[in-house]
Amino acid sequence: MNRFNQLLTLRIDPTRKKAFTYLGKTYQGAEGDTVASALYANGVRIFARSLKYHRPRGLYSLDGECSNTCMEVDGIPNVRAENTLLKNGMAVKAQNVKGTPEKDLLGFMDKMSWAMPAGFYYNTMHKPAMIWPIALKQIRKVAGLGKLAPDFAMTGKYDEIFPTADVCVIGGGPAGMSAALSAAENGLRVIILEARPWLGGFFEYRVAEYQNEVPLYQRARDLAKQVADTPDIRTFTHTAMVGAYSNNLITAFQIGGANDSFDQRYIEIRAQSVVVATGCIERPLLFDNNEKPGVMQIGCAHRLARTYGLLAGEKAVFSIGHDLGLEAAIDLFDLGLKISCVADIREDGQDPGLVEIMQRKKIPLLRGWVATEAHGKKTLNKVTLSTLQGTRDKEFSCDLLVASAGMTPVTGPLTLAQAKLAFDNHTGFFLPTQLPVKMHAAGRMSGLNDALAIEASGRCAGLQAAADCGASVDANLDEARTSLESRPGPVKGSKMVTAPVKGDKTFICFDEDTTVKNIKQAIEKGFDVTELIKRFTSAGTGPGQGGIPGHNLPLFVAQYNADPDVSAKPTTIRPPLVPTFIATYAGANHDMCKRTPLHALQKKAGGVFRRVGVWNRARYFSQDFTCRDEIDNVRNNVGLFDASTLGKFKIWGPDALKALQRVYVSDMSKISDGKIKYSAMCNEDACLIDDGVVIKRGKNDYYFTTSTARAGATVEWIRYHTRYDGWNYSMVNLTDAFGVINLAGPDARKVLAEITDADVSNDAFPYTGYREFKIKNTIPVRAMRLGFVGELSYELHAPSSYMPALWEILEDAGSEFNIRNFGLEAQNVLRMERCHVIIGAESEQRTTLHDVGLGFLWDRTKTDAKTVGAFALKQTEKQAGRLKLVGFKTEDSDARAPRDGSIIVDTKIRGYVCIARHSHTLDEVIGLALVDESLAKIGTKLEIYEDECGDKRLYAVVAPTPFYDPEAKRLKM
Amino acid sequence: MENIKRVSPVVFKARPVKTEIRDNWAVTLEYDAEGPGPYLIDLSHRTRWDVQDGNLDEITPWEVAIPETPGKSIMEKGFLINRMNRTQASVWHLTGEQPDAPDGPAYTETTDATMFVALIGRKTYAIAEKLTSLDLANPAQKTPFLLQGPIAHVPCQVVTLAQSGEHCDILFTCSRGYAQSMVGAILEAGEEFGLRPAGEAAFSKI
Amino acid sequence: MFGKDKTLWGEKTPLKSNYDAVIIGGGLHGLATAYFLARDHGMKNVAVIEKRYIGFGGAGRNTAIVRANQRTQENIPLYKEALDLWPVLTKELDYNLMFFNCGNLNLMHSEAAMSAARMNVASAQFHGVESHLIDAKECKELVPALNIADNITYPIFGAMFHPPGGILRHDAVVWGIAKGAAKHGIHIHQQTEAAGIGVDHGKIVSVDTDRGKIYTPRVLLSAGGYSASLAFKMLGLRLPISVLTIQAMVTQPLKPLLNHVVSSGTYHAYANQTLKGEIATGAHMDPWPNYTTQNTAHYIKHQAEALSEFLPCLRGVKFMRIWGGLADMTPDMAPIMEGNDPIKGFYLDCGWGYFGFKSSAAVGKYMAQFMATANCPEILKPFTRRRYQEHRLMGETAALVNYSPDN
Amino acid sequence: MALTITCPICGKRNGYEFRFGGEEKGPRPAAHGLNPETWCDYVHNNNCVAGVQKEWWSHRDGCGSWFTIFRNTLTNLEADEPEERYEQV
């Protein structure tokens, strides 16, 4: 096919070829081509088959309002060929066809459409019930468009940016550029977003005169140059705006060019003020077979020629309702298109200048006429035109029908920002009744068509936006308003809703194959709201969303209901305004996690890591996940455990104690010097939410620890619960400032004694003691004698930067005692043998402090403290029917341990196993369970029901706790 | 004991060519092939304090007045002091000899609580906007200024030291545990702009 | 089937001044209760009043996942019964609810999560509900698109697999039950707003609407996300509820790719493929109360990040539409159903969060029984709001819920 | 939506930097004289106003302050203090 290669408006470079494959054959396109324009240039007219009826579909618009040209490109389904730039080597396939788009074996479906009225599925295939699963399989198979392989891997780089702007302009046409320039003149940071790869919009492809013999396309380029030369304007082309949220958060995605580091990137803009200058698309003309390949919109035919150098057909008929149709007819005629007839819906009101040129060029014009049917087996070969009332008709053979009912404003960005729409009788548009705060509309959206008016409206909007940012713009704004008022205002829109047809094959939504007849059926069923009609008929729910039916559906509903005021509303537009890859939204997706100061050392030591909340922690130190060796070594020698993730805080000041009293259940005034105090925090339902130790380091100066999970919320929690009190205290989160090593095992003291001059004998540093000293005279440590794992142990808190050194010193000193690492799972078993609770493992939302047996921590006398949870602690103290934490053993020590999470039953569920293991240390099966109070007595037999156990049960007996070292001798040795 | 070292949470893959031991810290002064910038510089060894008091106005760390308004910073005598809120400020020691530890209950040393990096040179704002929606280059703000907010979803204290055109010098701290993730995210974001790790010497130049 | 179209839920009827019961809210719970009042208890003089149109709220905004693998024995039987009711209703209503019995996989991302899931699975099995704990490899066999590698943020350890679950066509359920209710003579009044509830001597006497007063001895408040606000506005009744916006979205339609519902609590995401071929996905709630149903840039991005990790092939699919609905959350993620406390004749069915769809059929049946007999059915007794006063939270969620300031 | 919250320290910021802290209900009541119903009402119950309410927020990812604002739950926008507020009936 011959292409124009000299037009000044071209955006392709015909001299630079790009090869691609389609249906297994290699074709050539030009640089700048979209996939669709390249296919069109190679004679392809049928791009796909429709969803339901497998009707042939072709190029209709160039802006992707429908899925007609959705294709598979390089394995990616549903790619919009009409606005995807062609790249060398692309592999293009058609979708939703059995065979080829030309010869689709499922083409017969079109003949079945009579049998599938709106809501067809709801009323069929469920009787008898057995046929539904079979039908469902078939429905699934025929539904859906593209195919995606489960192992598909998206290639390319996806990035993201979060810029801030004073003014964000959506739309890089003449109005948008004018707005951006006006705003930038006020020294503001401006961002302009344009969906096409270039600025220029409505002017960019047109040769009509702007003024003083300058053509519109030249004006577009002049404006674009001004924009490029303005440093305060940041331009994003090939960037589709997809979301607008309150407070002017705008999202968009950009397709990367040859010099960009990304394939696509997500853009999230925070702007003070926004100008929406998105212009118009065309309102589809409703007539029979209105989506047959060969039927296309004005802009499509016009831009195919002017931008891509392609005449869309040889012989054309136009059925239009806007002067742009006349302008296009004249221009395309000049470029060599034969035009049999131009039917204009409007009886009058055409631009006399354009009418005169048409007369001069002998292009026949029928006023008050419209297309009623497109003919042709697969592609167009004939058109029937008739008067608006359908009283007379004429037929023309042709291979191109340029069809358009008029314009429809792209109000999506405004409605996303919660603007409400109402019908405007003059333009026939649904326009915002009120603009959202700090949002302004400019350009054609209001119905303007005059070039200078469009620019003036852009300047007005840009200045208003500047004023939102505090600029003083009054004088300029007056001038811009005057110049806007001096030009022609909004154009009167064509009133026609549908051509005079029955509508059986008149498609109001292409993507879902919804016809005008289907809409009537829905209304008759009682679905009188457009939103419900949309749901019932699926109109507007396909890949193009409301692009095709958005304007026509409410118009049709109003007409059908004889509602002259058009109170029907368009259905809600939802983001993304342009379908957007999940890869693009995901962007960079950095994995942000925390590592302890000992991460590298533990990794080297063979640690198997797990994500625990925000942290990466070593769970095992061998592939033996029972951790037998790790456990044995703690029990018999000495082990090292990285507890750096514990929350650590400093709280001080005159009212620090009051704050502690508020959140801790114990009486925190009773902390002895050199001692740790173990306590807990509850929520208002007495549920245990945290436990840890508190140390008093000086007057009004405390250091305390929390569980790993609570570290992030602790400051917030304490401040929250004291927010009315006006207390004077300070807090610093030192969680990351200190690493923690738990040195545990009978030989722990020997190891410690080797590396410090401090007296660490049992007398000088007894159980529950707290000391501060230096390791090797250098590393300052805060040392606590605790016993979480049930052995003599020291929790050493040291500055994080010293932790690797401290670890190596300990390993070195401990080597003669067989010191080794132990991980989270070993700790889990060790502490279970001692029956120390882990919050979240032995407690849940229903579990109070009393339920886990820690009620003794609660001090009931400090009522003045208004301790969080105290009221509920009192109320639940003796409450019957709660789940209580118990220890259990199996009767037979050779029995298998029940799996964690098994349930305890009789005729009902009575609780569950929190943890159970075969304890190597004790050589018996032990565990902890939350059980109904009635089963909590020592000696009670528990019936354990495991998943997949069938009729089999495991049995255990409630046993005294702790299991290991009940007299706590080892802790205190 | 001389071989007891303090280590930064930030580890770059680049090869150090000039290092020194300072107060037990292993400090890299220069890396191999640092290039022309922009640079990412680890300053985690630089001493930092949290200052909190009900009467912050009466406290003058090393005789520098803490800025009155939250969000303002001041750079004086080698210290960068950032007013965080009514009762709190952070003090970052940037240049010169290690100062004496301050006296009084208001001070808590937080050097080890955070990682501390500088992002300096051209296009640093372009790098930063890939990681945060905070307006680090707000022309309406007088440098140096402090923002407390998320970078790559991690809460940070960020100070814009200076900005002009494409150049922007940014300092920030976040919880120490995030150091490797954070540095990884920054280097990835900066790759297209030629961002490379640099030693402390590159920071001393600005 | 091809005959002249009849309206689905009756001709528009005038609002009468007397009904035996008035149901506020034309969502699934209200419609189902009306249907069962008529079907099981012969109460046909019943009005359902709906401010917008039926299915406007949660009924039309959820992604229609049904399952019965709840956590506690109070909840499992209720959801099981609801699950069993769908085929029955399809037949009874003569309306294809399009139940796609694809089964649900609830992914687990740690050893601890696997243990927690085992408790759910064992509880389900004990109640005769099919549910299994499967490992990562088995997950991959069921859902080949899953990424079970360990190089993602939260590697997959396994899943709770619940074969009886699946998805329905939510609109079909709304329209089908409305059709059934109307057939029994129930009046469905759309575009009718409840403005007040009349109480006299501790008894319900009337409901004020913008179309006039209705005298009635019984009122059910089942207005989904709006219930708590209405309870306070009309009766001064404060409830332990936070109303949050929950979002969902769909991709462009694809040929069959996901044959099961896949969900992950850790990633805050679920995904399933609708019969139309779209991948429906969602889950996130903004943790602050609002009635906007607005969606957020934050969430669609988060969702893309999550899916990119555990269903990476979806990176090549495009999001097409995102929307929001309201979830009225209670502190224990279990609903509030009660009646005659303290106002005689006042019934309350709310706090369903995002579980309202799955439970609707069974709840309608039992709330109808409650309203018709004034006796609370055994199965509903645990759901009174009085449980919060006694600190007996229900345990539907093991973890503390984090949208409340108290945790 | 893009919720923004105006922190008294840091100014107007992205709402996701903050943590919602509940409806304003007044200071903690003293336990003395409370019964389970009134305590539950303070702790768990909400007005759930569809309109403007006074509520607590904390700038979690920023300065950490707790503060109150007025916000319209129908628009998610911050609002001025309303002249009349719902009071418990």
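A note on names: the letters A, B, ... follow the listed sequences, proteins ahead of strands, and every chain is numbered from 1. This one's a predicted model, so the numbers in the text were calculated from it and none came from an experiment.
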Trainee: Can you confirm whether P77(A) sits close enough to L254(C) that some side-chain heavy atom of one is under 4.5 Å from a side-chain heavy atom of the other?
Mentor: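 Yes; the side chains approach each other to less than 4.5 Å.
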
Trainee: Compare every heavy atom of E309(C) with every heavy atom of N589(A), then report the nearest pair and how far apart it is.
Mentor: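 Closest approach of N589(A) to E309(C), heavy atoms only: ND2-OE2, 3.5 Å.
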
Trainee: If you look at every heavy atom in L249(A) and A297(C), which pair is closest and at what distance?
Mentor: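 Result for this residue pair: CD2-CB, 3.5 Å.
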
Trainee: Please determine whether side-chain hydrogen bond (donor to acceptor under 3.5 Å, both in side chains) holds for the pair K127(A) and N96(C), giving the CA-CA distance in whole Å, both sets of side-chain angles, and the decisive distance to 0.1 Å.
Mentor: CA-CA 9 Å; K127(A) 284 187 294 194; N96(C) 193 346; over 6 Å; no

Trainee: Could you check if a side-chain atom of W175(C) sits within less than 4.5 angstrom of a side-chain atom of K525(A), using non-hydrogen atoms only?
Mentor: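 Contact flag for W175(C)/K525(A) side chains = no.
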
Trainee: Look at G544(A), G243(A), A586(A), G526(A) and state which one has the largest set of heavy-atom pairs under 4.5 Å with chain C.
Mentor: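 Looking at each of G544(A), G243(A), A586(A), G526(A) in turn, A586(A) comes out on top.
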
Trainee: So which of E825(A), K141(A), E268(A) has the largest heavy-atom pair count under 4.5 angstrom toward chain C?
Mentor: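 Most heavy-atom pairs within the cutoff with chain C belong to K141(A).
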
Trainee: Counting only heavy atoms closer than 4.5 Å, note whether R71(C) contacts chain A via side chain, backbone, both or neither.
Mentor: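 Contact with chain A is through the side chain of R71(C) alone.
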
Trainee: Tell me whether the rings of F527(A) and W9(C) are parallel (<30°), tilted (30 to 60°) or perpendicular (>60°).
Mentor: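 Perpendicular: the ring planes of F527(A) and W9(C) meet at over 60°.
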
Trainee: Which atoms of P256(C) come close to chain A, meaning under 4.5 Å heavy atom to heavy atom: side chain ones, backbone ones, both, or neither?
Mentor: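 Answer is both: backbone and side chain atoms of P256(C) are under 4.5 Å from chain A.
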
Trainee: Answer yes or no: is there a side-chain heavy-atom contact under 4.5 Å between L136(A) and F100(C)?
Mentor: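 L136(A) vs F100(C): side chains touch.
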
Trainee: Examine whether an atom of T541(A) lies under 4.5 Å from a heavy atom of chain C, and if so say whether it belongs to the side chain, the backbone or both; otherwise answer neither.
Mentor: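 Both backbone and side chain.
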
Trainee: Among I76(A), D591(A), T876(A), D151(A), which residue forms the greatest number of heavy-atom pairs with chain C at distances under 4.5 Å?
Mentor: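 Most heavy-atom pairs under 4.5 Å with chain C: D591(A).
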
Trainee: Measure A872(A) against the heavy atoms of chain C and call it side chain, backbone, both or neither at under 4.5 Å.
Mentor: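 Both the backbone and the side chain of A872(A) come within 4.5 Å of chain C.
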
Trainee: Under a 4.5 Å heavy-atom cut-off, does chain A meet the side chain of L275(C), its backbone, both or neither?
Mentor: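 Contact with chain A: backbone and side chain both.
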
Trainee: For S110(C), which atoms come within 4.5 Å of any heavy atom of chain A: side chain, backbone, both, or neither?
Mentor: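 The answer is neither part of S110(C).
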
Trainee: Need one label for E74(C): side chain, backbone, both or neither, based on atoms under 4.5 Å from any heavy atom in chain A.
Mentor: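 The answer is neither part of E74(C).
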
Trainee: Decide yes or no for Q125(C) and Y945(A): does some side-chain heavy atom of the first lie under 4.5 Å from some side-chain heavy atom of the second?
Mentor: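 The answer is yes; the side chains approach within 4.5 Å.
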
Trainee: Return the option, out of R52(C), M119(C), H391(C), with the maximum number of heavy-atom pairs under 4.5 Å with chain A.
Mentor: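 Among the listed options, the one with the most contacts to chain A is H391(C).
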
Trainee: Is H132(C) in contact with chain A via its backbone, its side chain, both, or neither, using a 4.5 Å heavy-atom distance?
Mentor: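 Both backbone and side chain.
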
Trainee: Please give me the minimum heavy-atom distance between K318(C) and V79(A), naming the atom from each residue.
Mentor: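 That would be NZ-CA, 4.2 Å.
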
Trainee: Between V142(A) and chain C, with a heavy-atom cut-off of 4.5 Å, which part of the residue counts as in contact: side chain, backbone, both or neither?
Mentor: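 Backbone only.
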
Trainee: Between Q418(A) (side chain) and Q294(C) (backbone), is there a donor-acceptor pair under 3.5 Å?
Mentor: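 Side chain of Q418(A) to backbone of Q294(C): no pair is present.
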
Trainee: What is the distance from atom CZ of R140(A) to atom NZ of K276(C), rounded to the nearest 0.5 Å?
Mentor: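 Separation between the atoms: 15.0 Å.
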
Trainee: Who wins among S308(C), S123(C), G176(C), A122(C) for the most heavy-atom pairs under 4.5 Å with chain A?
Mentor: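 Result: the option with the highest number of such pairs is A122(C).
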
Trainee: Between E278(C), M394(C), K91(C), which has the largest tally of heavy atom pairs under 4.5 Å with chain A?
Mentor: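 When all of E278(C), M394(C), K91(C) are compared, M394(C) has the most.
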
Trainee: By a 4.5 Å heavy-atom criterion (distance strictly below it), what part of T72(C) contacts chain A: side chain, backbone, both, or neither?
Mentor: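 It is the side chain, since no backbone atom gets that close.
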
Trainee: Quick check: closest heavy atoms across Y122(A) and M98(C), and the distance to 0.1 Å?
Mentor: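 Here Y122(A) and M98(C) meet closest at CD2-CE, 3.3 Å.
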
Trainee: Please examine the side chains of Q845(A) and E396(C), heavy atoms only from C-beta on, and report whether any two atoms are closer than 4.5 Å.
Mentor: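 A side-chain contact is absent here, since even the closest heavy-atom pair is not under 4.5 Å.
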
Trainee: Side chain, backbone, both or neither: which part of F536(A) has an atom under 4.5 Å from a heavy atom of chain C?
Mentor: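 For F536(A), the contact with chain C is made by backbone and side chain together.
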
Trainee: Given that the side chain runs from C-beta out, which part of Y53(C) has a heavy atom under 4.5 Å from chain A: side chain, backbone, both or neither?
Mentor: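 Interface part for Y53(C): side chain.
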
Trainee: Chain C heavy atoms under 4.5 Å from R535(A): which part of the residue, side chain, backbone, both or neither?
Mentor: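 Looking at R535(A), backbone and side chain both touch chain C.
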
Trainee: Does the pair E160(A)/K301(C) count as a salt bridge with the N-to-O cut at 4.0 Å?
Mentor: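 Answer for the salt bridge query: yes.
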
Trainee: Drop me the distance from N295(C)'s CG to Y245(A)'s OH, to the nearest 0.5 angstrom.
Mentor: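 Answer for the CG-OH pair, N295(C) versus Y245(A), is 5.0 Å.
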
Trainee: Taking every heavy-atom pair that is under 4.5 Å apart, which of G542(A), A129(A), P128(A) has the most such pairs with chain C?
Mentor: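 Among G542(A), A129(A), P128(A), the one with the most close pairs to chain C is G542(A).
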
Trainee: Measure the spacing between CE of M320(C) and CG of N78(A) and express it to the nearest 0.5 Å.
Mentor: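 With rounding to 0.5 Å, CE (M320(C)) is 9.0 Å from CG (N78(A)).
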
Trainee: Find out whether Q252(C) and L145(A) are in side-chain contact, i.e. whether some heavy atom of one side chain is under 4.5 Å from a heavy atom of the other.
Mentor: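 The answer is no, as the side chains (C-beta and beyond) never meet within the 4.5 Å cut-off.
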
Trainee: How long is the straight-line distance from CD1 of I152(C) back to CZ of R611(A), given to the nearest 0.5 Å?
Mentor: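 Rounded to the nearest 0.5 Å, the CZ-CD1 separation comes out at 11.0 Å.
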
Trainee: Tell me, out of V913(A), V529(A), V905(A), T251(A), who's got the most heavy-atom pairs with chain C below 4.5 Å.
Mentor: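 If we count pairs closer than 4.5 Å to chain C, V905(A) comes out on top.
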
Trainee: To the nearest 0.5 angstrom, please state how far the CD atom of E111(C) sits from the CG atom of D900(A).
Mentor: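 The CD atom of E111(C) sits 10.5 Å away from the CG atom of D900(A).
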
Trainee: Do F581(A) and V317(C) have side chains that get closer than 4.5 Å, going by heavy atoms?
Mentor: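 No, every pair of side-chain atoms sits at 4.5 Å or beyond.
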
Trainee: Please state whether the side chain, the backbone, both or neither of L97(C) comes within less than 4.5 Å of a heavy atom of chain A.
Mentor: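 Neither; nothing under 4.5 Å.
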
Trainee: Is A135(A) close to chain C through its backbone or its side chain, or both, or neither, when contacts mean heavy atoms under 4.5 Å?
Mentor: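 Nothing of A135(A), per the 4.5 Å heavy-atom cut-off to chain C.
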
Trainee: Please report the closest heavy-atom contact between P576(A) and R321(C), naming both atoms and the distance.
Mentor: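 Looking at all heavy atoms of both residues, the closest pair is CD-N, 3.9 Å.
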
Trainee: Quick one: which of V121(C), I300(C), T90(C) has the most heavy-atom pairs under 4.5 Å with chain A, could you say?
Mentor: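 Sorted descending by pairs with chain A, the first entry is I300(C).
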
Trainee: Report which part of N616(A) has an atom under 4.5 Å of a heavy atom belonging to chain C: side chain, backbone, both, or neither.
Mentor: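 For N616(A), there is no contact with chain C at all, as no heavy atom is under 4.5 Å.
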
Trainee: Find the distance between CG (L133(C)) and CD (E946(A)) and round it off to the nearest 0.5 Å.
Mentor: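 It comes to 11.5 Å.
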
Trainee: Of the options L311(C), I279(C), L307(C), which is the one that meets I582(A) in a side-chain contact (heavy atoms from CB on, under 4.5 Å)?
Mentor: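 Among the candidates, only L307(C) passes.
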
Trainee: Are any of the side-chain heavy atoms of L257(C) and P150(A) separated by less than 4.5 Å?
Mentor: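 Side-chain contact under 4.5 Å: yes.
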
Trainee: With a 4.5 angstrom heavy-atom cut-off, is it the side chain or the backbone of A172(C) that approaches chain A, or both, or neither?
Mentor: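 Answer is both: backbone and side chain atoms of A172(C) are under 4.5 Å from chain A.
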
Trainee: Side chain, backbone, both or neither: which part of C687(A) has an atom under 4.5 Å from a heavy atom of chain C?
Mentor: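 The side chain, not the backbone.
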
Trainee: Taking everything shown except K147(A) itself, do over 12 heavy atoms lie less than 6.0 Å from its NZ?
Mentor: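 No, NZ of K147(A) has 12 or fewer neighbouring heavy atoms, counting only those of other groups under 6.0 Å.
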
Trainee: Count the heavy-atom pairs under 4.5 Å between each of G881(A), P543(A), A244(A), G119(A) and chain C, then report the option with the highest count.
Mentor: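 Most heavy-atom pairs within the cutoff with chain C belong to P543(A).
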
Trainee: Give the member of F99(C), F56(C), Y388(C) that has the highest number of heavy-atom pairs under 4.5 Å with chain A.
Mentor: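 Sorted descending by pairs with chain A, the first entry is F99(C).
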
Trainee: Please look at Q875(A) and chain C and tell me whether the side chain, the backbone, both or neither of the residue comes under 4.5 angstrom of a heavy atom of that chain.
Mentor: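 For Q875(A), the side chain is the part near chain C, not the backbone.
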
Trainee: Identify which part of D94(C) has an atom lying under 4.5 Å from any heavy atom of chain A, answering side chain, backbone, both or neither.
Mentor: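 For D94(C), heavy atoms of backbone and side chain both lie under 4.5 Å from chain A.
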
Trainee: Chain C heavy atoms under 4.5 Å from Y912(A): which part of the residue, side chain, backbone, both or neither?
Mentor: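 Looking at Y912(A), just its side chain touches chain C.
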
Trainee: Go through the atoms of Y154(C) and report whether side chain, backbone, both or neither lie under 4.5 Å from a heavy atom of chain A.
Mentor: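 For Y154(C), the side chain is the part near chain A, not the backbone.
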
